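Okay, structure first, notes after.
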Amino acid sequence: MIHPQKLIKRFQWPTPSSLNQTTQLHAHFIISGAAIPHPLSYPSTAHLSSRIPNPSTFYYNTLIRAYSRFHLPHLSILIHRQMITNAVPHDSHTFQFLFKSCSLPSMSLLHDDARWVFDGIGMKDVVSWTTIVAGLARAGCLDDARKLFDEMPERNVVSWTSMVSGYSQAGRAAESVEFFKKMISDDVLPDTVAMVAVLSACGQLRDLGLSKWVHQYVIDAGIGMSDNLAVALIDVYAKCGDLNSARQVFDLNGWKVLPAWNALIDGYCKVGDVDMARSLFDQTEVRDLITFNSMICGYIQSSQLKQALHLFVELRTSGFQPDKFTMVGLLSACANLNSLDQGKALHAYIEVSSIVFDVFLGTALLDMYAKCGRMDEALLVFNRMRDKDVMTWTAVISGLAMNGKGKLALEHFALMRKLSIRPNAVAYIGVLTACSHSNLVEEARKHFHEMTSLYNLEPEVEHYGCMVDILGRGGLLEEAVKLIDSMPIKPNAVIWGSLLSACRVYKNVDVGEKAAKNILALEPNEDAVYVQLSNLYANSGNWASASKIRRLMEERGIKKTAGYSSLSVAGQVHKFIAGDRCHPEINEIEAMMNVMAKKLKLAGYLPITSKISVDVNEEEKEQALFLHSERIAIAYGLMRLGASLPIHITKNLRVCEDCHIAIKLIAKIWNRKIVVRDRSRFHHFSDGQCSCNDFW
DNA sequence: GTAGGGTTAG
């Protein structure tokens, strides 16, 4: 027989009252001398009640409730059937417990037994009605819940709140607020719980005006404050970015409970004020895992990775175990840093730890692998995941797109739709990126159209950006310009930038000048524009204009962003800047680069010097190409990484055409896999080929 | 022994 304490531990009962329940349950087993049923075997309980003299309704109710809490709905139902056999009368509690048990996710909603009590025996007081309505709402069956709600002969705050929070939890925040407003116009006075429910909907909507109105309502209606309401207000203000109002609520005396601190710290992190968040963090007398997680994620999102790591160590020395929130934060840091090694270490840690592997964690893990260029690993994680939602699918689609598997990305998109998962705007960015990187113009047009016609999603700047990019790369400059002119929203610098780079490829000076003018109006200090425009002139042989732009750049004091590449060797990140000789092993690196140059020449490599717009002689141009940072990084990788290891490079700018040709050859000559993550995508070089099929 | 909420993530 399993000792009750062990069982309690196993199920991690959180509150003293549930401990009482468990004790009562086990008291029954101990008195009756029966073995405690194993959760996986659903034994007959026929023998149980026969040993207890005159089992009462209360006694049965307690058992049904305890089993429900143990997540053993089948046993609850067995006990209930016994109750019927023994002709023990029901009361309204019987119904609550039975229904609660039957509305567990593992059971079909409104199980026959619960339905029978509700309909057949007629436990139709407000509480029973509300139980059913709330159960349906929680399960996301809002239309059913609504129907039943409308049929209710009598409703109270709790019934209304069940609906408000049902809509909010289903992500239908606007309807949730509507319902709340209907509630007040129905003269039902909300209490603090109702206010918390509606505030959660306001938070989803990020609607500051609405939130302020709700706050004012709390004051005007004299609802009063509670810990939870104060936390909800702080949280909603933080979500809307109004940290001053959040602070005001926080500073009201008496509501500085830990969740309030946490909500405020998180709020400051979200608006990017990590310093203020840290100062609050340091003022907390008690901290929990949430305090640490919020602060760590705040550091990660502001790219202060060292600080994040420090705090992670502090979290552990404070006696906390990292949980899934911690892991998701750290994984996203690895994804953005392209730190495959560290990401793998986290993966290994997750495997051996007791952290529950859920959709969030799975998505973060697969995203990390995808963003580190390991689509094979990412797909393994993806296929292993039991639950997948829009974000999961989006991560895999975008990952495939970035890694040059456009067709496969679109296949996944089709599969996702087949599984009735509704794509959102972000998913469509992934889809369009896939089209862009695989040159699928026709597909792109189709999907761009469908996002509105099928899913009623308004294209955002990013979607237009992808389309302009796709059309531009395909040489359809006129159509791209037409699309920009037809946009209902103001085109941003990125869109004009895509057009400009297309103009450079197709040598269209007129449209290019127009694009450049528009970018400079929006971002006068954007160095890339000057460079691109000057390259465009150079490409079309107009050296005078090219150098004029260069001079303009100098006059305005705009410096070209230095290109750099980095790679990680044994956990240490090495950063290389074009032409930079600071690395301690620079002599060996240069020797290796000379070997590279010789071998490339033997393999028939001819540098493309026309892309260099500065007016210098051919030999100097050739030299400049050889000093591109990615080549230095590759040389270092060849020197220091074991021959069987792929070389993973991260670059802050795009790979130039010449380097692309050279790296393909290097991969063939050295028989190495080389993966370059540039500003917009991945290049997987192997055996003289690149995954992008020379299209980027 | 009955119904409604509740701060951190991809």
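Proteins get letters first, then strands, A, B, ... in listed order; numbering begins at 1 in each. These numbers were taken from a predicted model, which means no experiment stands behind them.
His347(A) is linked by a ring-ring contact (aromatic ring centres under 6.0 Å, His included) to Tyr369(A), counting only residues two or more places apart in sequence or in another chain.
Ranking dG10(B), dT8(B), dG4(B) by closeness to the Ser332(A) side chain, first place goes to dG10(B).
At a threshold of 4.0 angstrom between heavy atoms, the contacts of Ser92(A) include nucleobase atoms, whether or not backbone atoms are also involved.
Applying a 4.0 Å cut-off to non-hydrogen atoms, the residues of residues 346-367 of chain A that approach DNA chain B are Asp358(A), Val359(A), Phe360(A), Thr363(A), Asp367(A), listed by residue number. Of all the residues in residues 173-190 of chain A, not one reaches under 4.0 Å from DNA chain B with any non-hydrogen atom. Against DNA chain B, the stretch residues 229-241 of chain A makes heavy-atom approaches under 4.0 Å through Val231(A), Asp235(A), Lys239(A). Heavy-atom distances under 4.0 Å link DNA chain B to Thr392(A) of residues 392-401 of chain A, given in residue order. Taken residue by residue, residues 284-293 of chain A places heavy atoms nearer than 4.0 Å to DNA chain B at Ile290(A), Asn293(A).
Arg138(A) has its CZ atom 9 Å from the P atom of dA3(B), to the nearest Å. Counting to the nearest Å, the C1' atom of dG6(B) and the CH2 atom of Trp261(A) are 20 Å from each other. A straight line from CZ of Phe312(A) to P of dT8(B) spans 21 Å, rounded to a whole angstrom. Distance, Phe99(A) CZ to dG4(B) C1': 13 Å, rounded to whole Å.
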